[in-house]
Student: 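Let me begin by handing over the structure; questions about it come next.
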Amino acid sequence: MTPNERIAAERARQISKEGWSREHDATHDGNEMYDAAIVYLTFDADTPLRADGTPDGWPWEAAWFKPKDRLRNLERAGALFIAERERREGAGLPLGDIEERINEVVKAIEAIAA
């Protein structure tokens with residue numbers, strides 16, 4: 001499976017299993033999905049955690065932070081960046097560095113899955 005396929009599969013899982021939709025994602029207009037993606041992209045064993053067990057920058061309640069292994073965290077990061085891109089496109093907002101971040105995730109997945 002290619003990195004893009006892995007990311008697309010995780011995005012599809014978020015929609016079908018978690019019940020997230022573009023309408024729901026549109027309510028996260030404070031860049032929460034971007035922030036969560038950054039956390040999953042950069043999370044490792046050395047990441048300092050807040051008292052609630054989440055890294056700095058985690059935008060939601062602690063119960064929603066569910067780190068897995070590095071590959072799954074990257075897949076989640078990519079899917080969250082995709083969701084944020086879709087949200088921004090739908091709202092007519094600039095994409096900022098979303099494409100660069102997605103490419104960063106793809107390269108990191110390639111390095112692991114190679």
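When a residue number appears, it is its place in the shown sequence, counting from 1. Every value quoted in this text rests on a predicted model; they were computed, and no experiment measured them.
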Student: Are Tyr40 and Leu71 joined in one hydrophobic group, where the rule is that I, L, V, M, F, W and Y side chains link up if heavy atoms are under 4.5 Å apart?
Tutor: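 No, Tyr40 and Leu71 fall in different hydrophobic clusters.
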Student: Using the rule given for side chain to side chain contact (heavy atoms under 4.5 Å, CB included), can you reason through Arg11 versus Ile15, listing the C-alpha separation, both sets of side-chain angles and the distance that settles it, and then say yes or no?
Tutor: CA-CA 6 Å; Arg11 180 70 180 132; Ile15 293 167; 4.0 Å; yes
Student: I want to check something: taking the side chain as every heavy atom from C-beta on, are Lys68 and Arg76 in contact at a cut-off of under 4.5 Å?
Tutor: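 Yes, side chains in contact.
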Student: A side-chain contact here means heavy atoms from C-beta on lying under 4.5 Å apart; do Tyr34 and Asp97 qualify?
Tutor: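 Counting from C-beta outward, Tyr34 and Asp97 do come under 4.5 Å.
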Student: Following the transitive rule for hydrophobic clusters with a side-chain heavy-atom cut-off under 4.5 Å over Ile, Leu, Val, Met, Phe, Trp and Tyr, establish whether Phe65 and Val105 coincide in one cluster.
Tutor: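 Looking at the clustering, Val105 is in a separate group from Phe65.
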Student: Classify the ring geometry of His24 against His28: parallel below 30°, tilted from 30° to 60°, perpendicular beyond 60°.
Tutor: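 Answer is perpendicular, since the angle exceeds 60°.
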Student: Leu80 and Glu10: side chain to side chain contact (heavy atoms under 4.5 Å, CB included), yes or no, with the steps?
Tutor: CA-CA 9 Å; Leu80 285 161; Glu10 173 57 18; over 6 Å; no
Student: Does a sphere of radius 6.0 Å around CZ in Arg13 hold more than 12 heavy atoms from other residues, nucleotides or ligands, not counting ones at 6.0 Å or beyond?
Tutor: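 Atom CZ in Arg13 is packed in, count exceeds 12.
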Student: If you apply the rule side chain to side chain contact (heavy atoms under 4.5 Å, CB included), what do you find for Asn73 with Leu41, and how did you get there?
Tutor: CA-CA 7 Å; Asn73 288 347; Leu41 173 62; over 6 Å; no
Student: Check whether more than 12 heavy atoms from other residues, nucleotides or ligands sit under 6.0 Å from atom NZ of Lys17, and answer yes or no.
Tutor: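 No, the 6.0 Å shell around NZ holds no more than 12 heavy atoms from other groups.
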Student: Look at atom CD of Glu18 and say whether more than 12 heavy atoms of other residues, nucleotides or ligands are closer to it than 6.0 Å.
Tutor: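 Yes, because the 6.0 Å sphere around CD of Glu18 holds more than 12 heavy atoms from other groups.
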Student: Kindly say whether Leu93 contributes a backbone atom to a donor-acceptor pair with the side chain of Arg88 at under 3.5 angstrom?
Tutor: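 Side chain of Arg88 to backbone of Leu93: no pair is present.
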Student: Is a salt bridge present between Glu110 and Lys107, judged by a nitrogen-to-oxygen distance below 4.0 Å?
Tutor: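 Not counted as a salt bridge, because no side-chain N and carboxylate O are separated by less than 4.0 Å.
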Student: Report whether Ile109 and Ile98 are members of the same hydrophobic cluster (ILVMFWY, side-chain heavy atoms less than 4.5 Å apart, transitive linking).
Tutor: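 Yes, Ile109 connects to Ile98 through the hydrophobic network.
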Student: Donor-acceptor pairs under 3.5 Å, side chain of residues 45-55 to any protein atom, not counting sequence neighbours: which ones?
Tutor:
from  : atom 1 : to    : atom 2 : distance (Å)
Thr47 : OG1    : Asp44 : N      : 2.9
Thr47 : OG1    : Asp44 : O      : 3.1
Thr47 : OG1    : Asp44 : OD1    : 3.3
Arg50 : NE     : Thr54 : OG1    : 3.0
Arg50 : NH2    : Thr54 : OG1    : 2.7
Arg50 : NH2    : Trp58 : O      : 3.1
Asp52 : OD1    : Thr54 : N      : 3.0
Asp52 : OD1    : Thr54 : OG1    : 2.6
Asp52 : OD2    : Thr54 : OG1    : 3.3

Student: Taking a hydrophobic cluster as the set of Ile, Leu, Val, Met, Phe, Trp and Tyr residues connected by side-chain heavy atoms closer than 4.5 Å, whether directly or through intermediates, do Ile102 and Met33 fall within one such cluster?
Tutor: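 They do not share one cluster, since no chain of ILVMFWY contacts under 4.5 Å joins Ile102 to Met33.
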Student: Quick check: closest heavy atoms across Gly78 and Ile7, and the distance to 0.1 Å?
Tutor: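 It is C-CG2, 3.5 Å.
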Student: Would you kindly confirm whether Trp64 and Phe43 end up in one hydrophobic cluster when ILVMFWY residues are joined by side chain heavy atoms under 4.5 Å apart?
Tutor: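 Per the 4.5 Å side-chain linkage, Trp64 and Phe43 are co-clustered.
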Student: What do the steps show when you test Leu74 against Arg6 for side chain to side chain contact (heavy atoms under 4.5 Å, CB included), and what is the final call?
Tutor: CA-CA 9 Å; Leu74 289 169; Arg6 288 177 176 279; over 6 Å; no
